[in-house]
Amino acid sequence: MIANARMYSVSPEVAALWGRLLAAIIEKAGVRVSLIDHPEPRPMEALWRRTDMGAVFMCGLPFSLAEPQPVLVAAPVPSSPEFEGRAQYWSDFVVRADSDFHTVAETFGKRIAFTVPHSQSGCVAALTYFMSTQDCAPATGLASTDASAPLYREIITPTITPLGALTAVVQGAADVAPIDSYALRLLQRYRPELTCQVRIVGQTSPTPIPPLVASNSGVDALRSAFLEAHRDAAMRSLMDKLLLQRFTLPDPKSYAVLRDGFEAATHYWRAHRFAATIPSAFVTKRR
């Protein structure tokens, strides 16, 4: 079996910490699991199609859409108080710190950076959020009742990762981007030279955080090791550096809200123009 934490390896230092933590948990479990690299720009979908996953971070949306679903091993609980001790997260909308934007609505008509089309935090959470903000469209001079009027001028080329989306805003390639809230907290700690250049102007509703998954059952020992990791002093030290309180086992059914949101957003944005310019990767195909 394999283990991989690319989703939250937001910097080389964080990747090394994840490697040490996963290795310690695997050793505690006494199972044969190999840590592997799957660096960008390799698609995450290729990793999630593997039949030998033992502990691989998987975006909650693809998990909710998968048939059959992978087996849940554990989910991280971020330690920042705003996460309320739950295995949840959201998307923070960030803009340049020196911009004139103070609300998400003020960015309408500008450029937005998404990661990849099936990312919950990097795309779909924002699309769901914007379904309820069409009444804000007059801030851009667009009529909210005009389904043909785009909400944004452009979705820029897929940025793949939260760091890519953040960098696009910092460098001026995009005016706003939704960023995975746990990934952003890690970036704030380990890439402060970048995060000091942005401000948060809004956030989406909380949803279940990406879990660690396995391809098949028979991972009880590994799951127990994750759930008990916070009780081990050495692992506790690594978790503190990764801004983690503990791991928990969520209900697989809790991720259905992501599937429902995706289906609703897909239907809605087929009837409304989200952006005047949309890269082909983000064009919704009609069935």
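Predicted model only: the values in this text are computed from it and were never measured. Values below: every heavy atom of this structure, side chains too, minus hydrogens, waters and symmetry copies.
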- Query: Which residues pass the salt bridge (charged side-chain N to carboxylate O under 4.0 Å, His left out) test with E228, sequence neighbours left out?
  - Reply: R231

- Message: Can you tell me if R96 has over 12 outside heavy atoms packed within less than 6.0 Å of its CZ?
- Response: yes

- Going by the ring pair (Phe, Tyr, Trp, His ring centres under 6.0 Å) test, name the single residue among F108, Y268, Y152, F282 that passes it with F274. Y152

Under 3.5 Å, which donor-acceptor pairs link side chains of residues 162-174 to any protein atom two or more places apart or in another chain?
residue: T167; atom: OG1; partner: L163; partner atom: O; Å: 2.7

- Taking the six-membered ring for Trp and the full ring for Phe, Tyr or His, determine whether the centres of W18 and F57 are under 6.0 Å apart. yes

- Task: Using the test side-chain hydrogen bond (donor to acceptor under 3.5 Å, both in side chains), find all partners of S99 that sit at least two apart in sequence or belong to another chain.
- Result: R199

- State, without any angle test, whether S80 and E82 hold a side-chain donor-acceptor pair at a distance under 3.5 Å. yes

- Item | For D232, all residues meeting side chain to side chain contact (heavy atoms under 4.5 Å, CB included), sequence neighbours excluded | A234, M235

- What pairs with R86 under side chain to side chain contact (heavy atoms under 4.5 Å, CB included), at least two apart in sequence or on another chain? E84, Q88

- Query: Restricting to pairs with a member in residues 42-63, which pass side-chain hydrogen bond (donor to acceptor under 3.5 Å, both in side chains), not counting sequence neighbours?
  - Reply: R50-D52

- Query: Can you tell if the side chain of T266 reaches within under 4.5 Å of the side chain of V124, non-hydrogen atoms only?
  - Reply: no

- Under a single-linkage rule joining Ile, Leu, Val, Met, Phe, Trp and Tyr whose side-chain heavy atoms are separated by less than 4.5 Å, which residues share a cluster with V77? none

- Please list, chain by chain and in numerical order, all residues satisfying salt bridge (charged side-chain N to carboxylate O under 4.0 Å, His left out) with R223, sequence neighbours excluded. D220

- Query: Which residue pairs pass the side-chain hydrogen bond (donor to acceptor under 3.5 Å, both in side chains) test when at least one of the two sits in residues 23-40, sequence neighbours left out?
  - Reply: none

- Item | Residues in ring-ring contact (aromatic ring centres under 6.0 Å, His included) contact with H102, at least two apart in sequence or another chain | none

- Query: Less than 4.5 Å apart, any side-chain heavy atom of L184 and any of I200?
  - Reply: yes

- Query: Which residue pairs pass the side-chain hydrogen bond (donor to acceptor under 3.5 Å, both in side chains) test when at least one of the two sits in residues 244-254, sequence neighbours left out?
  - Reply: none

- Item | Pairs flagged by side-chain hydrogen bond (donor to acceptor under 3.5 Å, both in side chains) wherever residues 172-182 is involved - sequence neighbours left out | Y8-D180, R111-D175

- Evaluate the criterion side-chain contact (heavy atoms from CB on, under 4.5 Å) for residue pair F262 and L127; output intermediate values, then yes/no. CA-CA 8 Å; F262 171 74; L127 293 179; over 6 Å; no

